[in-house]
Enquirer: 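Okay, handing you the structure first.
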Amino acid sequence: MPFARNEVTNAHGKRLSYSDTLIGARTEVFGTVDVNLPERELEEEDVTSDDSPDFTKEFDPALYDPGEVGFTYKYTKTQFTALETLFQLASAVLTRKDATKFWKILYPDGSSAIFQGYLKAHNLPGEGATTLQAEGAIRVKGKVTWAAGA
């Protein structure tokens, strides 16, 4: 059954932000060019035994891997410095716990994905089509909470 035209959400215009707390003041990552939801995966455990029927492998669900969120943004010195500070928090034992933030992806229709995670990668600016762009990846910790918009 095809979707009604008004049920499809255009991904252009996604916004990314973070906060120290779930409901605290949010800091937006300005100039995002691309934000991807994580490719989540449910690992599986092989439970095959000599008693498995018809020589068929058997599997049970195992650990949930919440994945990573990749993003690209237009480089500015201020934005890069702020995100680089978050990235560096995770690399020092004394500040590692401060590296985990509450991240939010907001879609144009008001839908949102909220999750905890830390900045796993933050790459120096590279050449974009017309502007310098930087990339990052957020390692998701736990499940993503999805809320549908209007």
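Side chains included, hydrogens not; waters and symmetry mates left out as well; all remaining heavy atoms used. All residue numbers in this chain count up from 1 along the given sequence.
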Enquirer: Between Leu37 and Ala113, what is the shortest heavy-atom contact and its length?
Expert: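 Smallest interatomic distance, heavy atoms only, reads CD2-CB, 3.7 Å.
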Enquirer: Does the ring centre of Trp146 sit less than 6.0 Å away from the ring centre of Tyr107?
Expert: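 Yes.
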Enquirer: Of all the heavy-atom pairs spanning Thr48 and Lys57, show the shortest one and how long it is.
Expert: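 Distance-wise, the nearest heavy atoms are OG1-CA, 3.2 Å.
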Enquirer: Any non-hydrogen side-chain atom of Phe80 less than 4.5 Å from a side-chain atom of His122?
Expert: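 Touching, per the 4.5 Å side-chain cut-off.
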Enquirer: Do Ile114 and Ile23 share a hydrophobic cluster (ILVMFWY, side-chain heavy atoms under 4.5 Å, transitive)?
Expert: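 Result: yes, single cluster for both.
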Enquirer: Distance only, no hydrogens: is a donor on one side chain within 3.5 Å (strictly under) of an acceptor on the other, for Thr56 and Asp54?
Expert: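 Looking only at side-chain atoms, Asp54 and Thr56 do not form any donor-acceptor pair under 3.5 Å.
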Enquirer: What salt bridge (charged side-chain N to carboxylate O under 4.0 Å, His left out) pairs are there with at least one residue in residues 62-87, not counting sequence neighbours?
Expert: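 Applying salt bridge (charged side-chain N to carboxylate O under 4.0 Å, His left out) to every pair that reaches into residues 62-87, excluding sequence neighbours, yields Asp65-Arg139, Glu68-Lys120.
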Enquirer: Treating Gln79 as the side-chain partner and Phe30 as the backbone partner, does any N or O pair qualify as donor plus acceptor under 3.5 Å?
Expert: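 At least one qualifying donor-acceptor pair exists.
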Enquirer: Would you kindly confirm whether Tyr73 and Leu132 end up in one hydrophobic cluster when ILVMFWY residues are joined by side chain heavy atoms under 4.5 Å apart?
Expert: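 Same cluster: Tyr73 reaches Leu132 through Ile, Leu, Val, Met, Phe, Trp or Tyr contacts under 4.5 Å.
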Enquirer: Is the shortest heavy-atom distance from the side chain of Phe102 to the side chain of Gln116 under 4.5 Å?
Expert: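 Yes, at least one pair of side-chain atoms sits under 4.5 Å.
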Enquirer: To the nearest 0.5 Å, how far apart are NZ in Lys14 and CG in Leu106?
Expert: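 Going from NZ on Lys14 over to CG on Leu106, the span is 11.5 Å.
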Enquirer: Treating Lys101 as the side-chain partner and Asp98 as the backbone partner, does any N or O pair qualify as donor plus acceptor under 3.5 Å?
Expert: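 Confirmed, Lys101 side chain pairs with Asp98 backbone.
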Enquirer: Check whether the side chains of Glu58 and Ser52 place a donor and an acceptor atom closer than 3.5 Å, and report yes or no.
Expert: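 Looking only at side-chain atoms, Ser52 and Glu58 do form a donor-acceptor pair, the distance falling under 3.5 Å.
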Enquirer: Heavy atoms, side chains only, cut-off 4.5 Å: are Tyr18 and Ile138 in contact?
Expert: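 Tyr18 does not reach Ile138 side chain to side chain.
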Enquirer: Do Asp60 and Glu44 have side-chain heavy atoms sitting under 4.5 Å apart?
Expert: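 Answer no - side chains too far apart.
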Enquirer: Less than 4.5 Å apart, any side-chain heavy atom of Val47 and any of Phe59?
Expert: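 Answer no - side chains too far apart.
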Enquirer: Given side chain to side chain contact (heavy atoms under 4.5 Å, CB included), test Lys104 with Leu16 step by step and report yes or no.
Expert: CA-CA 6 Å; Lys104 180 176 184 178; Leu16 178 66; over 6 Å; no
Enquirer: Closest heavy-atom contact between Gly142 and Pro66?
Expert: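 Smallest interatomic distance, heavy atoms only, reads O-CB, 3.0 Å.
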Enquirer: A side-chain contact here means heavy atoms from C-beta on lying under 4.5 Å apart; do Arg15 and Ile105 qualify?
Expert: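 No. Closest side-chain heavy atoms not under 4.5 Å.
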Enquirer: Does Gln88, at its CD atom, have more than 12 non-hydrogen atoms belonging to other residues, nucleotides or ligands within less than 6.0 Å?
Expert: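 Yes, the 6.0 Å shell around CD holds more than 12 heavy atoms from other groups.
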Enquirer: Do side-chain atoms of Ser19 reach the backbone of Arg26 as a donor and acceptor pair under 3.5 angstrom?
Expert: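 Flag not set: sc Ser19 to bb Arg26 has no pair under 3.5 Å.
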Enquirer: Between Gly149 and Ser111, which heavy-atom pair has the shortest distance, and what is it?
Expert: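 Closest approach of Gly149 to Ser111, heavy atoms only: N-OG, 2.7 Å.
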Enquirer: Is the shortest side-chain heavy-atom distance between Val144 and Val69 below 4.5 Å?
Expert: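 No, their side chains stay 4.5 Å or more apart.
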Enquirer: Hey, is CG on Leu22 packed in by over 12 heavy atoms from elsewhere, all under 6.0 Å?
Expert: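 Result for CG/Leu22: enclosed.
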Enquirer: Once rounded to the nearest 0.5 Å, what's the spacing between atom OG1 of Thr72 and atom CG of Asp34?
Expert: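 Nearest 0.5 Å value for the OG1-CG distance: 5.0 Å.
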Enquirer: Within a strict 4.5 Å, meaning less than it, do heavy atoms of the Leu119 and Phe71 side chains meet?
Expert: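 Yes; the side chains approach each other to less than 4.5 Å.
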Enquirer: According to a 4.5 Å side-chain heavy-atom criterion applied to Ile, Leu, Val, Met, Phe, Trp and Tyr, with indirect links allowed, do Leu86 and Tyr118 form part of one hydrophobic cluster?
Expert: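 No, separate clusters.
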